[in-house]
Amino acid sequence: MHRGSSLRPAVHIMTPSTSPRDVQRRHFLRWLAASPLLASAGGLSTFEDLIAQEAPRRTFDDLVTTAQEALDVFDLEKVAASKVPLAHWGYIMTGVDGEETQANNRAALERIYLRARRMIDVSRLDTRVTLLGREWPSPLLIAPAGSQRAFHPDGELATARAASARNHLQTLSTVTSTAVEEVNRARGEPVWYQLYARPNWNGTVALVQRVRDAGCPVIVLTVDLNGGSNRLTVERYGRIDERDCESCHREGGRADPVKPMLRGLPTGSRGGADASMTWDYIHQLRDITDQKIVVKGLVTSEDAELAVGYGVDAIWVSNHGGRAEGSGRGTVDALPEIAQAVAGRMPIIVDGGFRRGTDLFKGLARGATAVAIGRPYLWGLGAFGQEGIERVLEILTRELEITMRAVGTPSLADIGPHSIGVD
Ligand SMILES: Cc1cc2nc3c(=O)[nH]c(=O)nc-3n(C[C@H](O)[C@H](O)[C@H](O)COP(=O)(O)O)c2cc1C
C-alpha cells in the first residue's frame, strides 16, 4: 500500500485545453508528429504519444518540496504522510473507536460561521494574550505530544526551536523522547510540563520535583486518559508497517525503551495515568509544588466548576484530539458551557481539530483565551523538522490575522459570541 495514499487525492494539474498557449502547443506537436524528421528519429510517432510525453501529469502533492511552499497545514499533512514511518503515522492520526470524536472536533468547527462586520479600522491588530502572568504575542499554543523523535530525528528539540523562533508557548509531554532540561535549553526558557500522574505517588513527586528544578512554571495535569482508550487506527497501521520495530524499540532487553523523564522513577513508572484519581489529587499536587496547575481534558461545566473550586489556575478543554473517550462531541461545542461556568475567573485553553485561522477565531469567539494545536505541528515536524513547525505556526498566525481583519475584530478582546453563528 502506498503510504498515506488515503490522504492523497490524485488531483491532476492539466493546462485547460482551451488556453491559447495550449492550442498553440498542440498545433506545434501535430506539425511535429507529421514531420519526416520525427519519423526518421524513430520512437514516438503519434500525436497521442507526444502529448503523453510532453505533459507528464503533475499532482498538487509534488508542489510542496519545501516548508515554505506549504499553503495550509494540510499540505504539510500530505508530506508528513509520505515521510513518517507507517506505524508512527498511525500513532499521530489515531483517534478511538471509529474516529467519530476526532471527526466531530472538525465537524463542530465547520458548522460555525463567521459574522463579518465591515468598515471597522483593522489596520492594526492586537493578538497579545496573558496566560498565568506571562504575556504572549499570540493565542496559538503548542499542545503536548509524546514521542516526537518517532516523527523526526530532532523531535522535541525541533519543536522547541520552532517555538522559540516564533515565540509560542510550548507544553512538553510526560512521555517526551527528549529530557526536559535539553528541551528548555533549545527553547531558551522553561516550557510548561504536562503530567500523566504516575501509578506510584513517589514517582509523581520525583517527576514534579525534577521539572520544578528545571524551572518549568506550570504543570498541566492531563485527566482524560485515566480510564484508558480504545485506539484502533494505530493498531491497524502497526500491522501493515513491515519494518523491524524491535530494532528501535528494544533497549536493554526491554520491550520498549523507558522514556527519558520516566527513567529511574520508582517501579510501575512506565504506565499511563492513575484510574483511581479524584479531585483530591489537585490538593496533593498543591502540597508538593508551588507551580501553577492547569487541568487538561475537561469537557463539561460541572468539571469546570469543580476545577474552580479546587483552585486550579487554568482549564484546558480537550478530548485529547479524539484519542481519549469516544464522546462524539467536538471540543468547540463544549466551550460555551465551560466559559459560562468559569465566568472569566481563569484562562481557558482549548484544543481538538483546530486547523485554520478561522478555527482559532471560532475557539476564541466561544470563550477560549488561547487555542492549542496537536497534529498540525506534528505534520510540520514529520514533513520538514523545525522548519515545518515554523511554517505551521506562520500559516496559522497569518490566517488568524486575515480572519480578524475580515470580521472586523482588531483585537482578541473584540472577538466574542457575537462574531459567530451556527446554522
Ligand atoms: C501523537 C499525539 C501524541 C499526544 N501525546 C499527548 C501527551 O503525551 N499528553 C497529552 O496531554 N496529550 C497528548 N496528545 C493530545 C494533544 O495534547 C492535544 O490534546 C490534541 O492533539 C489536540 O487535538 P489535535 O491533534 O486535533 O490538534 C497527543 C496527541 C497526539 C496527536
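Read the numbers this way: they start at 1 and go in the same order the structure lists the ligands and their atoms. These numbers come from the heavy atoms of this one structure, side chains and all, not from hydrogens, waters or symmetry mates.
- Atom 4 (C) of ligand 1 has as its closest protein heavy atom A145 CA, 3.4 Å.
- When hydrogens are left out, the protein atom nearest atom 15 (C) of ligand 1 is H320 CD2, 3.4 Å; that is the closest non-hydrogen contact.
- Look at E394 and R391 and you find a salt bridge, because one of the NZ, NE, NH1 or NH2 atoms lies within 4.0 Å of a carboxylate O, short of that distance.
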Could you go through residues 336-351 and list every donor-acceptor pair under 3.5 Å that involves a side-chain atom there, pairing it with any protein atom two or more places apart or in another chain?
residue : atom : partner : partner atom : Å
E337    : OE1  : R329    : NH1          : 3.1
E337    : OE1  : R329    : NH2          : 2.9
E337    : OE2  : S301    : N            : 2.6
E337    : OE2  : S301    : OG           : 3.3
R345    : NE   : V342    : O            : 3.0
R345    : NH2  : A341    : O            : 2.7
D351    : OD1  : S318    : OG           : 2.7
D351    : OD2  : W316    : NE1          : 2.8

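- Closest protein heavy atom to atom 11 (O) of ligand 1: T222 OG1, 2.7 Å.
- In summary, the atoms of ligand 1 found under 4.0 Å from a heavy atom of S318, numbered by their order in the structure, are 19 (O).
- The existence of a salt bridge linking R111 and D333 is confirmed by a sub-4.0 Å separation between a basic side-chain nitrogen and an acidic carboxylate oxygen.
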Indicate every side-chain donor-acceptor pair of residues 410-423 with a distance under 3.5 Å to a residue at least two apart or in another chain.
residue : atom : partner : partner atom : Å
S411    : OG   : A413    : N            : 3.3
S411    : OG   : D414    : OD2          : 3.1
D414    : OD2  : S411    : N            : 2.9
H418    : NE2  : D414    : O            : 3.1
S419    : OG   : G416    : N            : 3.0
S419    : OG   : G416    : O            : 3.0

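- Between Y196 and H320, the ring planes lie parallel to each other; the angle is under 30°, not in the 30° to 60° tilted range.
- Under a cutoff of 6.0 Å and an axis angle of 45°, R134 and W136 form a cation-pi pair.
- At under 3.5 Å, not a single nitrogen or oxygen of A372, backbone or side chain, sits near a nitrogen or oxygen of ligand 1.
- Interface atoms of ligand 1 facing V175, defined by a heavy-atom separation under 4.0 Å, are 8 (O).
- The nearest heavy-atom contact from the protein to atom 5 (N) of ligand 1 is G146 N, 3.1 Å.
- Comparing heavy-atom distances from atom 17 (O) of ligand 1 across G322, P144, G321 singles out P144 as nearest.
- Listed by number with element, the atoms of ligand 1 under 4.0 angstrom from any heavy atom of I92 are 1 (C), 31 (C).
- On a distance-only criterion, A143 and ligand 1 share no N/O pair closer than 3.5 Å.
- For ligand 1 and G374, the ligand atoms under 4.0 Å from any heavy atom of the residue are 21 (O), 24 (P), 25 (O), 27 (O).
- The closest approach between a heavy atom of F354 and any atom of ligand 1 is not below 4.0 Å.
- Looking from atom 19 (O) of ligand 1 to the surrounding protein, the closest heavy atom is D351 OD2, 2.7 Å.
- Ionic pairing of E77 and R355 is not present here: no N-O contact between side-chain nitrogen and carboxylate oxygen is shorter than 4.0 angstrom.
- Within the structure, ligand 1 lacks N105 among the residues with a heavy atom less than 4.0 angstrom away.
- In terms of protein heavy-atom proximity, atom 8 (O) of ligand 1 is closest to S173 OG, 2.6 Å.
- A cation-pi geometry, defined here as NZ or CZ lying under 6.0 Å from the six-membered ring centre and within 45° of its normal, holds between R323 and Y91.
- Put simply, part of R355 is less than 4.0 Å from ligand 1, judged by heavy atoms.
- Across the listed options K296, R106, Q194, K296 owns the non-hydrogen atom lying nearest to atom 12 (N) of ligand 1.
- Note on ligand 1: R323 sits in its first shell, one or more heavy atoms being nearer than 4.0 Å.
- Distances shorter than 4.0 angstrom do not occur between any heavy atom of T174 and any atom of ligand 1.
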Run the side-chain hydrogen bond (donor to acceptor under 3.5 Å, both in side chains) check on S327 and E325 step by step: do they pass?
CA-CA 6 Å; S327 67; E325 83 288 335; 3.3 Å; yes
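- Note on R161 versus E390: no salt bridge recorded, every NZ/NE/NH1/NH2 to OD/OE distance being 4.0 Å or above.
- The residue among Y196, F151, Y91 with a heavy atom at the shortest distance from atom 7 (C) of ligand 1 is Y196.
- When every heavy atom of E156 is checked against every heavy atom of G146, the shortest pair comes out as OE2-C, 4.4 Å.
- By the 4.0 Å N-to-carboxylate-O rule, K78 lies too far from D72 to be salt-bridged with it.
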Give the C-alpha distance, both sets of side-chain angles, the deciding distance and a yes or no for side-chain hydrogen bond (donor to acceptor under 3.5 Å, both in side chains) between Q194 and T222.
CA-CA 7 Å; Q194 176 268 326; T222 297; 3.0 Å; yes
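- Within ligand 1, the atoms closer than 4.0 Å to a non-hydrogen atom of G352 are 22 (C), 23 (O), 26 (O), numbered from 1 in the order shown.
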